[in-house]
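So you know, we letter chains A, B, ... as the sequences are listed, proteins then strands, and number each from 1.
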2 protein chains.
Amino acid sequence: MGRGKISIRRIENPTSRQVTFSKRSNGLLKKAKELAILCDAEVGLVIFSSTGRLHEYASSSMVKVTERYNKVKEESRQLVDPTADVKHQPVKAEVAGSSPVNPDLGSDKYATTRL
Amino acid sequence: MGRGKISIRRIENPTSRQVTFSKRSNGLLKKAKELAILCDAEVGLVIFSSTGRLHEYASSSMVKVTERYNKVKEESRQLVDPTADVKHQPVKAEVAGSSPVNPDLGSDKYATTRL
DNA sequence: TTGGCTATCTATAAACG
DNA sequence: TCGTTTATAGATAGCCA
């Protein structure tokens with residue numbers, strides 16, 4: 001999205017990398033907020049720049065997101081073969097009561113195969 | 001970015017919300033990966049859909065990101081007035097050795113005022 | 001640097017099949 | 001009820017003040 005196309009590989013020039021980080025970091029934070037609002041999702045985003053600076057966003061709070069994350073991970077581990085490790089695939093996460101508000105959630109309308 | 005402009009507010013129609021979630025969620029994950037690669041940043045992203053599904057991305061691992069996050073948060077709490085609570089502002093985070101590789105990091109080239 | 005300013009490239013809202 | 005296909009809105013790479 002700019003004057004020229006770029007390939008996704010580490011930007012070697014430190015100055016350019018810093019500038020790009022600043023721009024994209026803000027863009028990512030903005031998109032995270034939009035997703036949370038538009039889709040009523042709980043989102044947690046943590047970014048450390050290569051210089052060590054921290055940027056963050058959490059629709060609720062980072063602590064809540066982390067706790068919910070850990071809870072879901074724990075549960076999913078019990079559902080699959082204990083010897084198999086959980087990877088990047090989206091996993092089921094119907095943690096009753098852990099999300100503040102969830103209108104029209106009971107109906108399982110768009111249920112695809114869970115797990 | 002579509003046929004029509006939309007305002008950032010909760011999408012009431014469950015089906016539309018689900019569709020938008022799917023698209024934007026993927027977009028956000030992709031952007032998170034790009035930022036991590038392009039800018040050599042450490043990124044952690046957790047998304048729970050309104051139906052409770054978990055999507056995630058971590059450039060290193062979610063555990064590492066969380067640990068680093070907590071460490072930085074702890075440190076920043078000691079630097080500011082203990083009675084003041086840390087909010088959303090980016091904070092300093094020069095945690096030596098917590099990131100696997102960080103070439104040309106020692107030089108404090110783009111250091112703006114830290115904290 | 002440190003931010004703005006477009007020209008372009010992407011993401012995606014609606015429309016289709 | 002979907003996955004695909006466009007037409008646009010939005011993000012941003014390269015510049016320049």
Starting from [atom2] on [N], measure out to [atom1] on [X] and report it in whole angstrom.
| X | N | atom1 | atom2 | result |
| --- | --- | --- | --- | --- |
| B:Arg17 | C:dA13 | CZ | P | 14 Å |
| B:Gln18 | C:dT12 | CD | P | 15 Å |
| A:Glu12 | D:dA13 | CD | C1' | 17 Å |
| A:Phe21 | D:dT12 | CZ | P | 12 Å |
| A:Ile11 | D:dT12 | CD1 | P | 12 Å |
| B:Leu38 | D:dA13 | CG | P | 7 Å |
| B:Asn13 | D:dT1 | CG | C1' | 13 Å |
| B:Leu29 | C:dT10 | CG | C1' | 16 Å |

*For B:Glu67, enumerate each residue passing the salt bridge (charged side-chain N to carboxylate O under 4.0 Å, His left out) test, keeping only those at least two apart in sequence or located in another chain.*
none

_Modelled atom types, side-chain donor and acceptor of B:Glu42 and B:Ser60, under 3.5 Å_ = yes

_At less than 4.0 Å, is any side-chain N or O atom of A:Thr20 found next to OP1 or OP2 of D:dA13? Yes or no._
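Answer yes for this pair, as a side-chain N or O of A:Thr20 is under 4.0 Å from OP1 or OP2.
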
_Under-4.0 Å side-chain N/O to phosphate OP1/OP2 contact, B:Lys31 with D:dT12_ =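 Answer is yes, contact under 4.0 Å.
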
_Salt-bridge contact B:Arg10-B:Glu12 (side-chain N to carboxylate O under 4.0 Å)_ =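 Salt bridge: yes.
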
*Salt bridge A:Arg9-B:Glu34, side-chain N to carboxylate O under 4.0 Å*: no

_From OG1 (A:Thr15) to CZ (A:Arg17), nearest 0.5 Å_ = 9.0 Å

_Interatomic distance, A:Met62 atom CE to A:Thr66 atom OG1 [nearest 0.5 angstrom]_ =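 That separation rounds to 6.5 Å.
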
Do any N or O atoms of the protein come closer than 3.5 Å to N or O atoms of nucleotides 14-17 of chain D, and which pairs are they?
from	atom 1	to	atom 2	distance (Å)
D:dG14	O6	A:Lys23	NZ	2.6

_Options C:dT12, C:dT10, C:dT1, nucleotide nearest the side-chain atoms of B:Met1_ = C:dT12

*Looking at A:Phe48, is A:Arg53 sitting on its ring face, NZ or CZ under 6.0 Å from the six-membered ring centre and within 45 degrees of the normal?*
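No, A:Arg53 does not lie over the aromatic ring of A:Phe48.
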
